[in-house]
Amino acid sequence: MWICPECYKENSPNNESCSKCNTIKPDTDPKVRREHRRADVLKDKKTMYTHPGPFGWKLSKHGTTSDTENMSTDTAKHITSCRNDYTVVAALDLGTTYSGFAFSTRQNPLDIQHVEKVPTCLLLSPDKEFVGFGNDAIRIYSELVKNGQHTGHYFLQKFKMDLYENEHISTEMTIQDISGKPIEALIVFRETILVLKKSLAYFIKCKGLDVKMENIRWVMPVPTFWNDAAKQFIRKSIDFIGIPEDQFQIALEPEAASIFCQLHDFNDSLPGTKYLVVALGGGTTDITAHEKISSSRLRELIFATGNSYGGVTVDDRFLQMFTAIVRKDIISDIKQNYPMAYIDIVRGFEHVKRNISTTNSQKVVVGIPLSVLDLKCKQVLGKNFRSAIDASNFSSAIELYHDTMHVDIGLMKAFFNVTIDNILDLIKTRLQEPAVSDVPQILLVGEFAESSLIKNKVESEFPDKRVIVPEAAGLTVLKGAVLFGHNPSYLQSRVMRYTYGVGISDEFDPAIHDEAHLVVQKNGSKLARHIFDVIIRKNQLVDAGTSIDSEYLTIDPNQKTMEFELYFSSNEKPVYIDETDCKPLGSVIITFPDVCQEERDVKVSFVIGNTELEVKAVDKKSRQTVTAEFNLF
């Protein structure tokens, strides 16, 4: 059985073209065999290095050896990891500020069902057990605070940003709750994804569908510029909630939104249409560019980049104004001892900021927890909150009426300036790249794209570009993730964001290697250690699912495992794994089902060009697939 990528019609395996639209059956068979120089495996104190010989990894096509500068369908084997016996695709969107879920059936993939998103707020008990999520978490926590029973509980919000801002992601990493208490990040993400999963399963049941869990293909969209460690962290979280690995896929947020918009804003566009995709979320901005290949195929033009500017950074500017009025120690005290009051300050601004536009001229009314603000100001400053406003630099822009602040529209718009300026700078930088210099359109998607301020600023800054904001822009990522689940090959090719490789030892060449990496063996031979042996380079255009293979040998009799350490670099041509731009990604542990005295020849496949880096391994003698487990450092 195969599914037509154009109309989603199920076809018999014997059909060479779609019975509905006559689209030719996709060819998923390898066109060529990849041949690589056999490699010995060397050890040092910590790392098992691979040694592929002086020629490195090459791509062999019809007997001609060439490098992997551009991997295309002519020279690549494609691998699909997800099972194909699904009946429903379900997307779980864990956002920085709001989260939600959606699904559609295999029979009717375009009929996407969803519910209104809820705040990304999680409440756990002192024993780190689930208590509530979304508005329920806020309500229950509020009651606990009123009764003085909240101190042992963990209330968390906007924790998705921790996977962007942390350079050392691991399964042991901790994050802080609203009061500063540390808690294992894995527990937080696990419980959040689990409640989304359970809620979606209940939602499907309420729709009258009898769907078994093993027939659901789960998808989660993440920022494109998350590194592979962050994506692996999400997979580790998934492992704990009963979703098998072959039923789960990661989608990339701007790609998902772009796929959805192909059926709406770009439905009538012709092949060759190019546009910049700017995903404006609660916590981040994510930018890439796509070219339309066909009605169901896109090609990435540049690798995705982003920054940590989004709706949350606008909130931060508002909080900075509060801090300037009442002092930092008061805000910290409120956050620690009156957490619901702190939440009310932030939510009061969130409720009104999305309605602020260039046409607004009236003061904006923001609800505040006045009783707590008065109490703390009197205790610390010796005056009430109104007097603190009058004594601040904002006295002419803010009026206080009961438990609301009436803020001048000019000041409210100013809270957006730094965020919007940083987004515009990022767009400018990307448009300077040759591959997208002629792109005529900019597609704004995501929650923050619903602010008319950002659209107007982009239109003003780039008058020669058509700026498109889809209807319900905040749902495009979620709905697009569902469509991606039905057709994971929608993105035909991607541009590599990093250079990937493994650490090896090789023969020392004084013309290439420096003395700092020289190691002299007992037999007098000279090796260069810590060499970055490249799998694929940054900026290379790679077809989705391209497999780069190499062969390695065990070095000990009865060897049970073989281990490789993977590295990534923002440098296109790294030389050593200890360079500043190079970072460890994780280790791949290949486990053999049995042991043998003989030398084992293992083919290791690095699958690139998908939304995640994958590693697979085959014992060449037995031709059996062996377990290749990826572990974060």
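Just the heavy atoms: all of them, side chains too, but no hydrogens, waters or symmetry mates, feed the values below. Remember, predicted model here, so these are calculated numbers, not experimental data.
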Rounded to the nearest 0.5 Å, what's the gap from CD1 on Ile356 to NZ on Lys413? Could you check?
9.0 Å
Over all atoms of both residues, closest heavy-atom pair of Ala388 and Leu381
CB-CD1, 4.2 Å
So how far is it from Ile334 CD1 to Leu375 CG, rounded to the nearest 0.5 Å?
8.5 Å
Working to the nearest 0.5 Å, report the span between CG of Leu280 and CD1 of Ile420.
9.5 Å
Flag for Glu350-Thr97: side-chain donor and acceptor within less than 3.5 Å:
no
For Thr404, side chain to side chain donor-acceptor pair (under 3.5 Å) partners two or more places apart
His406
How about Asn393: does its CG atom have over 12 heavy atoms from other parts shown lying under 6.0 Å from it?
no
Thr285 side chain to Gly310 main-chain N or O, any donor-acceptor pair under 3.5 Å?
no
side-chain hydrogen bond (donor to acceptor under 3.5 Å, both in side chains) pairs touching residues 332-348, sequence neighbours excluded, are Asp333-Asn337, Asp333-Lys376
Do Tyr275 and Ser258 meet the criterion of a side-chain donor-acceptor pair at a distance under 3.5 Å?
yes
Under 4.5 Å between any side-chain heavy atoms of Val458 and Leu424, yes or no?
yes
Any donor-acceptor N or O pair under 3.5 Å, side chains Asp421, Tyr309
no
Sub-4.5 Å side-chain heavy-atom contact between Val278 and Leu426
no
Identify all side-chain donor-acceptor contacts of residues 182-199 below 3.5 Å with residues at least two apart in sequence or on another chain.
from	atom 1	to	atom 2	distance (Å)
Glu184	OE1	Lys128	NZ	2.9
Glu184	OE2	Lys128	NZ	3.3
Thr192	OG1	Val188	O	2.8
Lys197	NZ	Ile241	O	2.7
Ser199	OG	Val195	O	2.8

Using a strict threshold of under 4.0 Å (side-chain N to carboxylate O), is an ion pair present between Asp374 and Arg386?
no
Checking Asp127 side chain against Glu129 main chain: does a donor-acceptor pair fall under 3.5 Å?
no
For the pair Lys117 (side chain) and Gly474 (backbone), establish whether a donor and an acceptor sit closer than 3.5 Å, ignoring hydrogens and angles.
yes
Determine, for Glu459 against Lys465, whether the closest basic-nitrogen to carboxylate-oxygen distance falls under 4.0 angstrom.
no
Less than 4.5 Å apart, side chain to side chain, heavy atoms only: is that true for Lys363 and Ile409?
no
With a sphere of 6.0 Å drawn around CD of Gln379, does it hold more than 12 non-hydrogen atoms of other residues, nucleotides or ligands?
yes
Counting N and O atoms only, with roles assigned by atom type, does the side chain of Thr429 sit under 3.5 Å from a partner on the main chain of Asp425, one being a donor and the other an acceptor?
yes
4.5 Å side-chain heavy-atom contact, Gln176 and Tyr154
no
For the residue pair His150 and Phe155, establish whether any side-chain heavy-atom pair is separated by less than 4.5 Å.
no
If I take atom CD1 from residue Ile468 and atom CD1 from residue Ile442, how far apart are they, to the nearest 0.5 angstrom?
9.5 Å
Do Glu245 and Arg235 have side chains that get closer than 4.5 Å, going by heavy atoms?
yes
Would you say the side-chain atoms of Asp286 and Thr284 include a donor-acceptor pair closer than 3.5 Å?
no
May I have the step-by-step check of side-chain contact (heavy atoms from CB on, under 4.5 Å) for Tyr498 and Ser569, ending in yes or no?
CA-CA 6 Å; Tyr498 296 113; Ser569 175; over 6 Å; no
Would one find more than 12 heavy atoms of other residues, nucleotides or ligands at under 6.0 Å from atom NZ of Lys383?
yes
Show every side-chain hydrogen bond (donor to acceptor under 3.5 Å, both in side chains) that has at least one partner inside residues 573-584, sequence neighbours left out.
His517-Asp578
Looking at every non-hydrogen atom in both residues, tell me the closest pair between Ala102 and His114 and how far apart they are.
CB-CB, 3.7 Å
How are the rings of Phe322 and Phe385 set relative to one another: parallel (under 30°), tilted (30 to 60°) or perpendicular (over 60°)?
parallel
Under 3.5 Å donor-acceptor, Thr499 side chain and Glu572 backbone:
yes
NZ/NE/NH1/NH2 to OD/OE distance under 4.0 Å, Lys353 and Asp315
yes
Ala481 and Val219: which non-hydrogen atoms are nearest, and at how many Å?
O-CG1, 3.6 Å
List the residues meeting ring-ring contact (aromatic ring centres under 6.0 Å, His included) with Phe349, not counting sequence neighbours, and say none if there are none.
Phe318, Phe415
For Tyr567 and Glu565, test the side chains for any donor-to-acceptor distance below 3.5 angstrom and give the result as yes or no.
yes
Before giving the answer on side-chain contact (heavy atoms from CB on, under 4.5 Å), spell out for Glu255 and Arg494 the whole-Å C-alpha distance, their side-chain angles and the decisive distance to 0.1 Å.
CA-CA 10 Å; Glu255 290 184 3; Arg494 295 180 175 89; 2.8 Å; yes
Indicate yes or no for a side-chain donor-acceptor contact from Thr323 to the backbone of Arg327 under 3.5 Å, with no hydrogens or angles considered.
no
Checking the side chain of Lys181 only, and the main-chain atoms of His153 only, is there a donor and an acceptor separated by less than 3.5 Å?
yes
Can any side-chain N or O of Thr611 pair as donor or acceptor with the backbone N or O of Leu252 at less than 3.5 Å?
no
Using modelled atom types only, decide if a donor and an acceptor are shared between the side chain of Ser437 and the backbone of Pro434 within a distance under 3.5 Å.
yes
Does one side chain, of Glu300 or Thr288, offer a donor that lies under 3.5 Å from an acceptor on the other?
yes
Compute whether any side-chain donor of one residue and acceptor of the other, for Thr419 and Arg317, lie under 3.5 angstrom apart.
no
Counting N and O atoms only, with roles assigned by atom type, does the side chain of Asp136 sit under 3.5 Å from a partner on the main chain of Gly132, one being a donor and the other an acceptor?
no
How many angstroms lie between atom CZ of Phe260 and atom CG of Leu475, to the nearest 0.5 angstrom?
8.0 Å
Phe303 meets the ring-ring contact (aromatic ring centres under 6.0 Å, His included) criterion, sequence neighbours left out, with none
Measuring from atom CG of Leu585 to atom CD1 of Ile169, what distance do you get when rounded to the nearest 0.5 angstrom?
10.0 Å
Please check if any side-chain donor atom of Thr313 sits under 3.5 Å from a side-chain acceptor atom of Asp316, or the reverse.
no
